Amino acid sequence: MRVANQYFRTIWVDDENLPDVHIIDQRFLPHQFKVEIISTYKQMAIAIKEMHLRGAGLIGVAGAFGVYLAYRDALTSNQTVNFVQKAISEILSTRPTAVNLKWAIGIVASKTDGNLTLEEKTRIALETAKRLADSDAENCRLIGENGLPLIEAISRNKKGDAVNILTHCNAGWLAFTDYGSALSPIYLAHRKGIRVHVWVDETRPRNQGAALTAWELLNEGVPHTLIADNTGGHLMQNGMVDLVITGADRIAANGDTANKIGTYLKALAAHDNGIPFYVAAPSSTFDFSLDSGMGKIPIEERAANEVRYVSGLYNGHLVDVLICPDNTPAVNYGFDVTPARLIAGFITEKGIVNPNSYAISNLLH
Ligand code: MRU
């Protein structure tokens, strides 16, 4: 993905000799573009937990690089493999909902298992993390190709009028290593000259829609409009939405889907208005250990102050502003679960799959 004409991924290493990890620090977007250099597993755990980076796919790849850094820390400070085991538990505990973290860490852990020196484990962990970063980008590219026909069909029906797509949160390239999930088919359609317009939910409380999705779409030159979180239902009732595409943080075997808080309400409104509601996600987001999602997918609860305050730019400075009486209690659930029955299909790197256990297992398991 390009930022000011320079190609970027969201996470990368610069050279082959046990390098540090670089990330785009999303806390400052859209107002400032900053890169953070991460040198220890502790720094990576903080970056994941405190959302310097975020998004299911990227969290997974960052976790994998975190394991590499843990081995490197162990090597440089004469620790044992036990140190790495503790580090892995710490990284795993940073964000509970997106299953990609557990998935990616599990892959690095299994590749580095066995009778190897710490040097070998460190090198293998780095190679594995880099490979996971590459495959995350490639899977998202394929999600774009597989989702494109949905947009093309609506465009044909509308005789070339703009296809209005509503999305929630940020499931663009910032949430993965490149391309994105929900936004990937939109970018591809736009590049192919299909007229698209995106309704961008602000996505309170962290405003990933307003801050990140709007910034990505602006960079890509895709027509879009920011809306308050509560606007989607009105737009749908008035024929102003043709298609909803969101991302996902964890999908149970039956298709129940956890995604950013508020997704369920958009799915209900789409269902009530006969608008197709698709979820775009790589197969690493499916959790086959859960037969269904409701009450089983862990829902992250974050700090109440994320609800009580809003962050933004004021007189050139990034500030937090209190939006309620000083002592108002607040609760901050990060995700909700959309039942499979409200979902038209999953756009994956392997194709579009119906939201039922049989179809999901046939295509992905
Ligand atoms: O809390 P976040 O910003 O890490 O939320 C995860 C997400 O990016 C969204 O839920 C998104 O729609 C899922 S796609 C990776």
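Worth saying up front: this structure is predicted, and the values here are computed from it rather than measured. Below, all heavy atoms of this structure are taken into account, side chains as well, without hydrogens, waters or symmetry copies. In each ligand, atom 1 is the first atom listed, and ligand 1 is the first ligand listed.
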Subject >> Qualifying residue, where the test is side-chain hydrogen bond (donor to acceptor under 3.5 Å, both in side chains) with Tyr41 and the options are Lys86, Arg72, Glu90 >> reply: Glu90

Original post:
Ring centres of Phe33 and Phe8 under 6.0 Å apart?
Top reply: yes

Show me a pair-per-line table, with atom names and distances to 0.1 Å, of protein N or O atoms that are under 3.5 Å from an N or O of ligand 1.
| unit_1 | atom_1 | unit_2 | atom_2 | d |
| --- | --- | --- | --- | --- |
| ligand 1 | 1 (O) | Arg95 | NH2 | 2.7 |
| ligand 1 | 1 (O) | Lys260 | NZ | 2.6 |
| ligand 1 | 3 (O) | Arg54 | NE | 2.7 |
| ligand 1 | 3 (O) | Arg54 | NH2 | 3.3 |
| ligand 1 | 3 (O) | Gln208 | NE2 | 2.8 |
| ligand 1 | 4 (O) | Gly55 | N | 3.0 |
| ligand 1 | 4 (O) | Arg95 | NH1 | 3.0 |
| ligand 1 | 8 (O) | Arg54 | NH2 | 2.6 |
| ligand 1 | 8 (O) | Asn170 | O | 3.2 |
| ligand 1 | 10 (O) | Asp249 | OD2 | 2.5 |
| ligand 1 | 10 (O) | Asn259 | OD1 | 3.0 |
| ligand 1 | 10 (O) | Lys260 | N | 3.2 |
| ligand 1 | 12 (O) | Asn259 | OD1 | 2.9 |
| ligand 1 | 12 (O) | Asn259 | ND2 | 3.4 |

**OP:** Output the distance between atom CG (Leu342) and atom NZ (Lys266), rounded to the nearest 0.5 Å.
**Re:** 14.0 Å

Original post:
Within 45° of the ring axis of Phe335 and under 6.0 Å from its six-membered ring centre, is that where the NZ or CZ of Lys260 lies?
Top reply: yes

Subject >> For Asp113, all residues meeting salt bridge (charged side-chain N to carboxylate O under 4.0 Å, His left out), sequence neighbours excluded >> reply: none

Subject >> Cation-aromatic face contact Lys34/Phe28, 6.0 Å, 45 degrees >> reply: yes

